Amino acid sequence: MLRISGTGESHVGLVRTNNEDSAFVGPFCMLVADGVGGGAAGEVASATTAYAVCATALLRSEEDPADVLRDGVRLAQAQVAAGVAADPSRAGMATTLTAVVTDGARFTLAHLGDSRGYLLRGEVLTRLTRDHTYVQDLLDQGRIEPADVAEHPWRNVVLRTVNGTVEGEPDLIELSLVAGDRLLLASDGLTDLLSDAELVRTILPRSDEDAVGALIAAALARGGRDNVTCVVATVIDGPAVNADGHLYGAVRDPDNVVDLTAARSASA
């Protein structure tokens with residue numbers, strides 16, 4: 001039986017005063033959610049989304065991962081909408097989401113926004129996600145060059161998020177993973193500061209736990225201008241384990257989650 005074994009960390013960074021990132025890693029699910037752009041209640045959006053998705057995955061660990069993620073994202077959208085209805089000052093809150101779920105054989109990745117997912121197989125790093133941003137659209141259309149992205153004035157405009165609306169359908173990508181593969185999910189507070197080559201050099205010689213610490217330290221050394229969050233995990237083949245997983249960042253505070261019972265009610 002294949003499962004996920006890894007760890008994560010979420011750091012507020014060196015500029016912001018509030019951490020709007022959330023993350024989770026457990027045997028059947030790993031994810032990163034980044035409250036968008038320092039906007040209204042970003043920490044509530046990311047925590048609510050992270051909790052909705054990981055709780056759905058834990059409650060439905062033997063089901064098709066694509067169905068689990070599809071339903072988890074829909075629950076997150078509904079919960080973000082409910083959070084705004086309960087407190088109109090949260091209007092506009094939104095979050096990215098990059099998540100991987102497995103049932104022990106199949107793996108599926110769900111993606112909304114500009115957090116990123118990578119596969120490290122051997123010494124080769126493959127980016128699994130495409131940024132849902134205005135600048136990425138310009139890049140795909142050939143209207144700007146890759147060197148222009150970092151300084152583009154609209155580089156932070158995210159086009160698809162978990163924001164409480166039906167427009168937020170995720171990319172769902174089936175992954176063909178084998179034991180020994182390593183996965184990195186990260187918020188843009190990390191990937192804006194480290195190149196793909198630097199990610200490989202940092203992760204490859206280290207354990208998952210040491211790699212997470214080194215990645216966070218590298219981003220902080222570059223200025224840490226945003227919240228910095230990542231999870232690194234290895235796909236392993238072994239017996240099933242009875243473990244929930246670990247929460248990081250804003251989702252560790254239950255007050256940031258709109259409804260802690262929503263996933264269980266939806267699965268009942």
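One-based numbering along the sequence shown. Computed from a predicted structure; not experimentally measured.
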Run the side chain to side chain contact (heavy atoms under 4.5 Å, CB included) check on L97 and V53 step by step: do they pass? CA-CA 9 Å; L97 173 70; V53 173; 3.9 Å; yes
Side chain to side chain contact (heavy atoms under 4.5 Å, CB included) evaluation trace for D103 with E63: CA-CA 6 Å; D103 62 357; E63 298 184 30; over 6 Å; no
Evaluate the criterion side chain to side chain contact (heavy atoms under 4.5 Å, CB included) for residue pair N256 and T48; output intermediate values, then yes/no. CA-CA 7 Å; N256 286 330; T48 296; over 6 Å; no
Side chain to side chain contact (heavy atoms under 4.5 Å, CB included) for R182 and V235? Distances and angles first, verdict last. CA-CA 6 Å; R182 302 177 76 184; V235 177; over 6 Å; no
Worked verdict on S22 versus S46 for side-chain hydrogen bond (donor to acceptor under 3.5 Å, both in side chains): CA-CA 6 Å; S22 295; S46 78; 2.9 Å; yes
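In this structure a side-chain-to-backbone donor-acceptor pair under 3.5 Å is missing from D114 to T133. H111 places a side-chain N or O within 3.5 Å of a backbone atom of G113 that can act as its donor or acceptor partner. A donor-acceptor pair is defined here as one N or O able to donate and one able to accept, closer than 3.5 Å; such a pair exists between the side chain of R3 and the backbone of P239. Judged by distance alone, the side chain of D237 and the main-chain N or O of A179 form no donor-acceptor pair under 3.5 Å.
Taking all atoms of both residues into account, the shortest heavy-atom contact from L172 to A110 is CD2-CB, 3.7 Å. Of all heavy-atom pairs spanning G189 and A219, the tightest one is O-CB, 4.0 Å. Of all heavy-atom pairs between V257 and A47, the closest is CG2-O, 3.9 Å. The shortest heavy-atom contact between E20 and G42 is OE2-N, 3.6 Å. In terms of heavy atoms, A66 sits closest to T108 at N-OG1, 3.6 Å. The shortest non-hydrogen separation linking V25 to G8 is CG1-N, 4.3 Å.
Tested against L183, the residues V231, L177, L109 include a single side-chain contact (heavy atoms from CB on, under 4.5 Å) partner, L177.
With hydrophobic clusters built from ILVMFWY side chains whose heavy atoms lie under 4.5 angstrom apart, L75 does not share a cluster with F28. A single hydrophobic cluster is seen to contain both M93 and V251, as judged by linkage of ILVMFWY side chains at heavy-atom distances under 4.5 Å, directly or through other members. Tracing side-chain contacts under 4.5 Å through hydrophobic residues (I, L, V, M, F, W, Y), one reaches V73 starting from L31; they form part of the same cluster. A chain of hydrophobic side-chain contacts below 4.5 Å, direct or via other Ile, Leu, Val, Met, Phe, Trp or Tyr residues, connects L247 to V80. Both L112 and V258 are members of a single hydrophobic cluster when ILVMFWY side chains are connected at heavy-atom separations under 4.5 Å.
In this structure, V100 and F107 have side chains that are in contact, with non-hydrogen atoms separated by less than 4.5 Å. Within the 4.5 Å cutoff, no side-chain heavy atoms of C230 are placed close to those of L185. In this structure, the side chains of T49 and Q77 stay at 4.5 Å or more apart for every pair of heavy atoms. No side-chain heavy atom of I4 sits less than 4.5 Å from a side-chain heavy atom of P27. Contact annotation: the side chain of R16 approaches that of D226 to within less than 4.5 Å [non-hydrogen atoms, C-beta and beyond]. A 4.5 Å side-chain heavy-atom check between V158 and T161 finds at least one atom pair inside the cut-off.
Going from atom CG of L2 over to atom CG of D181 covers 9.5 Å, rounded to the nearest 0.5 Å. Rounded to the nearest 0.5 angstrom, T96 OG1 and N163 CG are separated by 12.0 Å. Separating the CD atom in E9 from the NE2 atom in H246 is a distance of 13.5 Å, to the nearest 0.5 Å. In this structure, OG1 on T102 lies 8.5 Å from CZ on R106, to the nearest 0.5 angstrom. Annotation: the span from Y51 atom OH to L58 atom CG amounts to 9.0 Å, rounded to 0.5 Å. Atom-to-atom distance recorded for S5:OG and M30:CE is 10.5 Å, nearest 0.5 angstrom.
A salt bridge does not link R116 to D188: none of the charged side-chain nitrogens sits closer than 4.0 Å to a carboxylate oxygen. Between E198 and R222, at least one side-chain nitrogen of the basic residue sits less than 4.0 Å from a carboxylate oxygen of the acidic one, meeting the salt-bridge criterion. Salt bridge R130/D171: absent, no basic N to carboxylate O contact under 4.0 Å.
Between the side chains of S10 and N19, a donor-acceptor pair is found at a separation under 3.5 Å. In summary, the side chains of H11 and D21 do not present any donor paired with an acceptor at a separation below 3.5 Å, with no hydrogens or angles considered. Looking only at atom types and distance, the side chain of D208 has a donor-acceptor partner in the side chain of T234 under 3.5 Å away. No hydrogens or angles considered: a donor-acceptor pair under 3.5 Å links the side chains of E43 and N18. Side-chain contact of T98 with S115: a donor-acceptor pair under 3.5 Å is absent, judged by distance alone.
Under the ring-ring contact (aromatic ring centres under 6.0 Å, His included) criterion, no residue pair touches residues 219-245, with sequence neighbours excluded.
The local environment of CZ in F24 is crowded, with over 12 non-hydrogen atoms from other residues, nucleotides or ligands closer than 6.0 Å.
L120 belongs to a hydrophobic cluster with L14, Y118, L125, L184, L190, L194, L199, V200, I203, L204, V212, L215, I216, L220, V228, V232, counting contacts under 4.5 Å between side-chain heavy atoms of Ile, Leu, Val, Met, Phe, Trp and Tyr, direct or through other members.
Taking R70 as the reference, D67 meet the salt bridge (Lys or Arg N to Asp or Glu O under 4.0 Å) condition, with sequence neighbours excluded.
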